[in-house]
> 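Can you read through this structure? Questions will come right after.
Note that the coordinates shown come from a computational prediction; the quantities given were computed from them, not determined experimentally. Labels below follow one simple rule: chain letters A, B, ... track the order of the sequence lines, proteins then strands, and each chain is numbered from 1.
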Amino acid sequence: MPYNHQEIEKKWQEKWVESGIFKTKESPDKKKFYALDMFPYPSGAGLHVGHPKGYIATDVVSRMKMMQGFNVLHPMGWDAFGLPAENYAIKNKVHPSVATEENIAVFKKQLSLLGFTYDWEREVNTTEPKYYKWTQWAFLQMFKSGLAFESFEPINWCPGCQTGLANEDLDGDKCERCGSLVEQKPMRQWVLKITDYAERLLNDLDKLPDWPDSIKQMQREWIGKSEGAEVNFRIFEFPNFQVTVFTTRPDTLFGATYLVLSPEHSLVSEITAPEQQSAVEAYVSAAKNKTVIERGDDTREKTGVFTGAYAINPVNNEQIPIWVADYVLAGYGTGAIMAVPAHDDRDFAFAQKFNLPIKQVVAPVRIDSKNPPVADKPTVTRKTIHGLVIDPKTGKILCLKWKQQPWTGFVVGGVDEGEDIVAAARREIKEETGYVNLKFIRVLGGVVRGEYFAAHKDENRIAYSNAILFELENDEREIVGDEEFSKHEPIWLEPKTLNQDNFTCAELDLWFKRLNNGEAADCEYGVAINSEFFNDLPTWKAKDDMTSWLEEKGFGHKKIQYKLRDWVFSRQRYWGEPMPLVHCEKCGVVPMKEEDLPLELPQVEHYEPSGTGESPLATITDWVNTTCPVCDGSAKRETNTMPQWAGSCWYYLRYIDSKNETALVDLAKEKYWSPVDLYVGGAEHATRHLIYARFWHKFLFDIGVVNYEEPFTRLQNVGLIMAEDGRKMSKRWGNVINPDDVVKEYGADALRVYEMFMAPFNQPCAWSTNGLVGTRRFLEKVNGLVQLVSEKENENVTRALHQTIKKVGDDINDFRFNTAVSQMMTFVNTVSEVKGITRDSFLKFLRVLCPFAPHITNEIANELGEVEILETGAWPTYDPEMLKSDEVTLAIQVNGKLRGTITVPNEAVEDEVKTTAMAEENVKKNLEGKEIIKVVFVKGKLMNFVVR
RNA sequence: GGGCGAGUGGCGGAACUGGUAUACGCGCAGGACUCAAAAUCCUGUGUUCGCAAGAGCAUGAGAGUUCGAUUCUCUCCUCGCCCACCA
């Protein structure tokens, strides 16, 4: 039955406000629930229909939790500092504070149309001095703890936005905001030492079972922990210098055949030989002009230049050349590497291009799973070859089929003392198969260690093998000796058909990989070879032992390295929190007194970027000039501002105690409300806001401002709503759907239900106006049920109601809103069919629907004579007994195929079911003339006759 | 290149722990109501064969485990997201 949504929505939204039921209650005797949305950035464009999806979800959960007796905190606020507002303001010639205020008003108006339960008394706005006073306060504490420091290192500079940026603000080599190519520019900046928290940020992810694994994985990768060693290399004829490299593979130190410095490395100019100087200088300056992307492209051919200097490998005193190449990054590790081309892809490519030696020091290990080494048998170590002969005419490969053993394998044989491996392979192939005319192609990579039990010799063997690849030139064969002939015969097999099950060769996967991929580095762990005193050691062990050896000898030490960089925290822009620091000639950088906070952003006429790399604040002399809080002498204020992310690092704490003037948050209140029970927002914040906020939170925990180590217990990602044409909603495509229009035409309830119903919550999904119409129809059907209210109802309705109460509650908790809605639709269909529902049942149904469609459900309840607002009432409970039915429909299968269904009493036992089932016509037909071998009976589900 | 995730009707999607595949919604077709249309209601709707009863085939492709697989295992293909010369 149609209803006037505009009238109803206005009425109930007013009622909610008047009654004040959504004001947060804090009675300590009650359980709390803190539902949080990632607060929006109030842009000039307003909301489109995709934005509220997450807000609707937290609102549904909040309403249910209220009805379930929780004290619920469900706030909203504005993340309003930052570049877009400032750029928008410049473009439209309005002050950012004015523009921000206007945008917030629009956003708030739009949100209010949807009937959310927000407690607006707790609204926060990151640009208000009362709020950013505490952002500045937190920063001051970091400064005092040595966590905020001044740095002059080159940073990402966006020429478009005229400001420095953090790594997290980049989209490849471009500014994430304006798309300009980012330059590396050395400049003074403030940096937060987030790397001090890297280990905790990483480890504590394990304490967050209710975060999506994908987000945790992204954070792990972003933090990028590597364990290894720093190794010091002395430089030949430069006693005053040494090169320190970081490596995760100290076990391969014997295989280091050259060193590489990044072009920016400070030693480049010091050690370059005169005859190489011009080449090196040219290379270094060319590298400087490359973009980050150009340098980061790992498919690009390697480039580099020899410095003319040599380093001394501490482990064997070999002299190895030092090169400069841009595949080594200045910003990671020490900006220098030891190159082990045999066991690193990049070093391998470089060594091949510049003809540098490649030395294998790790042998991968393959243990023959079909003939594994046997305990207590003698072990013999041998050097062997595998002769791989391919017939180019057929593509088949030469194998041996053993006569006495169930084996088929390649031609394998020992290498005699002093014998060349290729010669050994030719010899073995001739002896065992008779083929003599073979064209040598190549050795398939390095040595592999195979371990197996040689049954015919009753001994364990360790074979260090090479595979030698030949092409068959012609079929000419010599006579094979009797002994060999009695053992096996040659056969030609299709290489593709060979696998670990039908072929006797533990090394098979490696040979084929090398055959197909050509020459490459081998990065597997294995057993050390060519490594003197580390030989035969598994390399995971050699890694530790080598590190200890280096420490002992003073050549290096264990090192843990992170990809996470310290956070560049200053921006040379106007619209951000001023940093509460003062530069005094006498006292240096001095923090402002806490009682003088907030340091307000001065109101100015011009806030365009200065273009000099300095913040626009630097031009406001009145503001810049101040006195030193320590010596009272003249001093200048810090003119950099904080980045957009600053305010969002802790806003969720402020909601708990938004008006507190003496503390960031009251510790007792924080203890009650924290941590956030449910946090909903886009996955795009995985490596920025969500890492930054965790970092700040841990710091605040360390200084005793908060009670818990992690801020957000449960995280749910919201899937994007695409436009009906499948593209992202954007002004550019003209495909934006405005929630105001939808609400006006179809009502807030229809929009809310539709967004919850359209797809699984975290999955992207295209908007469909038809789909929306469908949910509106559903609500009208619900409204029509009023006509069907009666004294009695069919038992099916009662059962369906209890099922619905259970499923909707469970699904809301699990964020499976789409199936919750479909369950409610099914319920309404059931009631419509049997035409009757009691007032009591109907009210219960309205209560579970209320979180999704709060206006219409309250209206109907009111019509039914209910006086209380649904949200203040109790969430209905279900009777588990009512979920069971007396009768159950069983599937009857014959050989797994459905041949009929029967309805039997719930508790029916196998024999009864069998009799009934076999009497079923179609089942009978399918069983006719067949022998029943087995009957599978699953109570309440099915019976399956297995017949022959 | 690496990591994560996903492939089910015409479309969005459902299927709990291996147990009747396609719930719910959209769309479409037919019917009722109407002078007519919209709205609403009813019926049908994976595909092939069949008048029907029913049967065969269907969850990206191919294999495997099982009485039984959308679900578990392996191989491959396609798409999406994230990271990407991080030593």
Side-chain angles (χ1 to χ4, degrees), chain A residues 1-2 172 212-218 220-222 224-226 228 245-249 252 260 262 293 295-300 302 325-329 331-340 343-347 349-350 499 523 561-565 683-684 686-687 720 753-754 757-760 762-775 777-778 780-781 784 807 810 816 818-829 832 889-901 921-922 925-926 933-947:
Chain A
M1 210 170 66
D213 290 333
S214 58
I215 299 288
K216 288 191 277 189
Q217 194 52 30
M218 278 188 228
R220 284 190 193 101
E221 279 166 20
W222 193 262
K225 181 181 180 178
S226 301
V245 306
F246 171 70
T247 177
T248 54
R249 294 293 300 270
T252 62
V260 186
S262 64
I293 279 284
R295 285 193 53 172
D297 180 5
D298 58 355
T299 57
R300 186 178 59 110
K302 295 275 181 289
D326 65 4
Y327 81 91
V328 173
L329 309 175
Y332 182 75
T334 61
I337 61 154
M338 65 179 213
V340 185
H343 306 293
D344 181 278
D345 292 324
R346 298 147 301 180
D347 298 344
F350 191 82
N499 60 48
C523 309
Q561 183 70 45
Y562 301 93
K563 284 188 210 169
L564 184 70
R565 318 270 72 210
E684 67 274 15
T687 52
L720 210 63
V753 175
Y754 175 61
F757 178 64
M758 63 193 300
N762 59 5
Q763 185 179 299
C765 184
W767 179 263
S768 155
T769 298
N770 278 331
L772 172 73
V773 170
T775 58
R777 267 204 285 263
F778 162 65
E780 289 182 357
K781 254 178 163 177
K807 184 154 177 60
D810 290 352
R816 292 158 27 139
N818 56 332
T819 51
V821 173
S822 81
Q823 174 67 35
M824 291 187 284
M825 288 173 164
T826 308
F827 176 76
V828 170
N829 290 345
S832 303
T889 304
L890 295 187
I892 308 302
Q893 301 179 331
V894 177
N895 280 349
K897 280 193 203 294
L898 183 71
R899 296 303 177 190
T901 57
E921 181 131 7
N922 197 32
K925 214 167 77 188
N926 278 281
I933 306 168
K934 192 176 168 185
V935 178
V936 180
F937 178 58
V938 182
K939 201 177 142 214
K941 294 280 183 192
L942 57 58
M943 174 163 280
N944 185 13
F945 295 98
V946 185
V947 301

> For B/U70 and B/G19, measure between their C1' atoms and round to the nearest Å.
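Rounded to whole Å, the distance is 13 Å.
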> Using OP1 and OP2 only, check whether a side-chain N or O of A/Asn926 sits under 4.0 Å from B/A55.
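Yes, because at least one side-chain N or O of A/Asn926 sits under 4.0 Å from OP1 or OP2 of B/A55.
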> Less than 4.5 Å apart, any side-chain heavy atom of A/Gln561 and any of A/Thr248?
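SC-SC contact between A/Gln561 and A/Thr248 ruled out.
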> At 4.0 Å (heavy atoms only), tell me whether A/Pro2 reaches a base, stays on the sugar-phosphate, or touches nothing.
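Touches nothing.
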> Ignoring the backbone of A/Asn922, work out which of B/A87, B/G12, B/A55 is nearest its side chain.
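It is B/A55.
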> Would you say B/A15 has OP1 or OP2 under 4.0 Å from some side-chain N or O of A/Arg816?
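For B/A15, OP1 or OP2 has a side-chain N or O of A/Arg816 closer than 4.0 Å.
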> Out of B/A55, B/A87, B/G25, which has the shortest distance to the side chain of A/Tyr332?
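Output: B/A87.
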> From the options B/U20, B/C67, B/A87, select the nucleotide whose nearest atom is closest to the side chain of A/Val946.
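Of the candidates, B/C67 comes closest.
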> Expressed in whole Å, how much space separates the C1' atoms belonging to B/U8 and B/C57?
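Rounded to whole Å, the distance is 15 Å.
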> Looking at every strand, decide which applies to A/Gln893 at a 4.0 Å heavy-atom threshold: base, sugar-phosphate, or nothing.
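Base, at least one base atom sits under 4.0 Å.
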> Just compare B/C85, B/C24, B/G27 and give me whichever is closest to any side-chain atom of A/Arg777.
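That would be B/G27.
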> Check this one for me: any side-chain N or O of A/Lys807 less than 4.0 Å away from OP1 or OP2 of B/A23?
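The answer is no; no side-chain N or O of A/Lys807 sits under 4.0 Å from OP1 or OP2.
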> Toward the 5' end of RNA chain B, which comes first, A/Gly896 or A/Ala891, by nearest nucleotide?
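Whichever sits nearer the 5' end wins; that is A/Ala891.
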> Taking B/G13 as the reference, what is the distance to B/U66 when you measure between their P atoms (whole Å, please)?
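Looking at atom P only, B/U66 and B/G13 are 35 Å apart.
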> In whole Å, what is the span from the NZ atom of A/Lys563 to the C1' atom of B/G3?
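Roughly 10 Å, once rounded to whole Å.
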> Roughly how many Å apart are B/U73 and B/C16, using the P atom of each and rounding to a whole number?
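It works out to 16 Å between them.
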> Answer yes or no: is there a donor N or O on one side and an acceptor on the other, between the side chain of A/Arg899 and the main chain of A/Lys925, under 3.5 Å?
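No.
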> Counting the atoms with a prime plus P, OP1 and OP2 as sugar-phosphate, which does A/Thr247 contact under 4.0 Å by heavy atoms, base, sugar-phosphate, or nothing?
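Sugar-phosphate only.
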> Could you work out the separation of B/C28 and B/U78 based on their C1' atoms and round it to a whole Å?
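Looking at atom C1' only, B/C28 and B/U78 are 29 Å apart.
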> Using atom CZ of A/Phe246 as one end and atom P of B/A87 as the other, report the distance to the nearest whole Å.
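It is 6 Å, rounded to the nearest whole Å.
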> Side chain of A/Thr248 only, heavy atoms from C-beta on: which candidate in B/U20, B/A87, B/G25 is closest?
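Looking only at side-chain atoms, A/Thr248 lies closest to B/A87.
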> Strictly by modelled atom types, are A/Asn944 and A/Lys934 linked by a side-chain donor-acceptor pair under 3.5 Å?
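No - no donor-acceptor pair under 3.5 Å links their side chains.
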> Where each residue is assigned the nucleotide of RNA chain B containing its nearest heavy atom, which of A/Ala766 and A/Ser832 is assigned the position nearer the 5′ end?
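Nearest nucleotide further toward 5': that of A/Ala766.
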> So, is A/Thr819 near the phosphate of B/G13, with a side-chain N or O under 4.0 Å from OP1 or OP2?
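It does not, given that no N or O in the side chain of A/Thr819 lies less than 4.0 Å from OP1 or OP2 of B/G13.
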> Is A/Asn770 side chain donor-acceptor paired with the B/C26 base, going by distance under 3.5 Å alone?
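By the distance-only test, no, there is no pair.
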> Could you tell me how far apart A/Gln217 (CD) and B/A84 (P) are, to the nearest whole angstrom?
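Whole-Å distance recorded here is 14 Å.
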> Please give the distance between the P atoms of B/A61 and B/U71 as a whole number of Å.
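Comparing P positions in B/A61 and B/U71 gives a spacing of 11 Å.
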> Please pick, from B/G54, B/A87, B/G2, the nucleotide with the shortest atom-to-atom distance to any side-chain atom of A/Glu221.
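It is B/G2.
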> Among B/G12, B/A87, B/U20, which nucleotide has an atom closest to any side-chain atom of A/Ala759?
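Of the candidates, B/G12 comes closest.
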> Taking only side-chain N and O atoms of A/Asn818, does any of them lie within less than 4.0 angstrom of OP1 or OP2 on B/G13?
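Checking A/Asn818 against B/G13: no side-chain N or O falls below 4.0 Å of OP1 or OP2.
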> Please report the interatomic distance CE(A/Met943) to OG1(A/Thr901), rounded to the nearest 0.5 Å.
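Result: 14.0 Å between the selected atoms.
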> Here's a test for you: under side-chain contact (heavy atoms from CB on, under 4.5 Å), which of A/Asp347, A/Leu329, A/Asp344, A/Thr247 qualifies with A/Ile337?
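So, applying the side-chain contact (heavy atoms from CB on, under 4.5 Å) to A/Ile337 and each of A/Asp347, A/Leu329, A/Asp344, A/Thr247, only A/Asp347 qualifies.
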> When you compare B/G44 with B/U22, how far apart are their P atoms, in angstrom units rounded to a whole number?
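Between the two P atoms, the distance is 15 Å.
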> For B/A58 versus B/A53, give the span between their C1' atoms, rounded off to a whole number of Å.
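Their C1' atoms lie roughly 22 Å apart.
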> Which of the following nucleotides, B/C85, B/A21, B/A15, is nearest to the side chain of A/Asp326?
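Taking heavy atoms from C-beta onward, the closest nucleotide is B/C85.
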> Where the side chain of A/Met825 is concerned, which of B/G25, B/G19, B/U20 is the nearest nucleotide?
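When the side chain of A/Met825 is considered, B/G25 is the closest of B/G25, B/G19, B/U20.
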> Both atom distances under 3.5 Å, Watson-Crick or G-U wobble: I'd like the secondary structure of RNA chain B as a dot-bracket string, with | for pairs made across strands.
(((((((..(((......[....)))((((((.......))))))((((....))))..(((((..]....))))))))))))....
> Select one nucleotide: of B/C83, B/G13, B/G3, the one nearest the side-chain heavy atoms of A/Trp222.
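So the nucleotide nearest the side chain must be B/C83.
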> Please classify B/G80 as syn or anti, treating any glycosidic angle within 90° of 0 as syn.
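Glycosidic conformation of B/G80: anti.
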> Look up atom CZ in A/Arg220 and atom CG in A/Asp213, then write down how far apart they are to the nearest 0.5 Å.
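One finds 7.5 Å between CZ of A/Arg220 and CG of A/Asp213.
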> I'd like to know if A/Asp810 and A/Lys807 make a salt bridge, using a cut-off of under 4.0 Å between side-chain N and carboxylate O.
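Looking at A/Asp810 and A/Lys807, the cut-off is not met.
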> Short question: side chain of A/Tyr754, backbone of A/Ser768 - any donor-acceptor pair under 3.5 Å?
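Answer holds: yes.
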> Just how far, in rounded Å, is P of B/A53 from NZ of A/Lys925?
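It is 11 Å, rounded to the nearest whole Å.
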> Give the rounded distance in Å between these two atoms: CG of A/Leu564 and P of B/C83.
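To the nearest whole Å, that distance equals 14 Å.
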> In whole Å, what is the span from the CD1 atom of A/Ile215 to the C1' atom of B/G3?
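Distance, rounded to whole Å: 13 Å.
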> To the nearest angstrom, how far is A/Asp213 atom CG from B/A6 atom P?
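Taking CG of A/Asp213 and P of B/A6, I get 11 Å after rounding.
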> If I take atom NZ from residue A/Lys563 and atom CD from residue A/Glu221, how far apart are they, to the nearest 0.5 angstrom?
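These two atoms lie 7.0 Å from each other.
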> Heavy atoms only, 4.0 Å cut-off, all strands: where does A/Arg565 land among base, sugar-phosphate and nothing?
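Since no nucleic acid heavy atom lies under 4.0 Å of A/Arg565, the category is nothing.
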> Rounding to a whole Å, what distance do you find between A/Trp767:CH2 and B/G12:P?
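Rounding to the nearest Å, CH2 of A/Trp767 and P of B/G12 are 17 Å apart.
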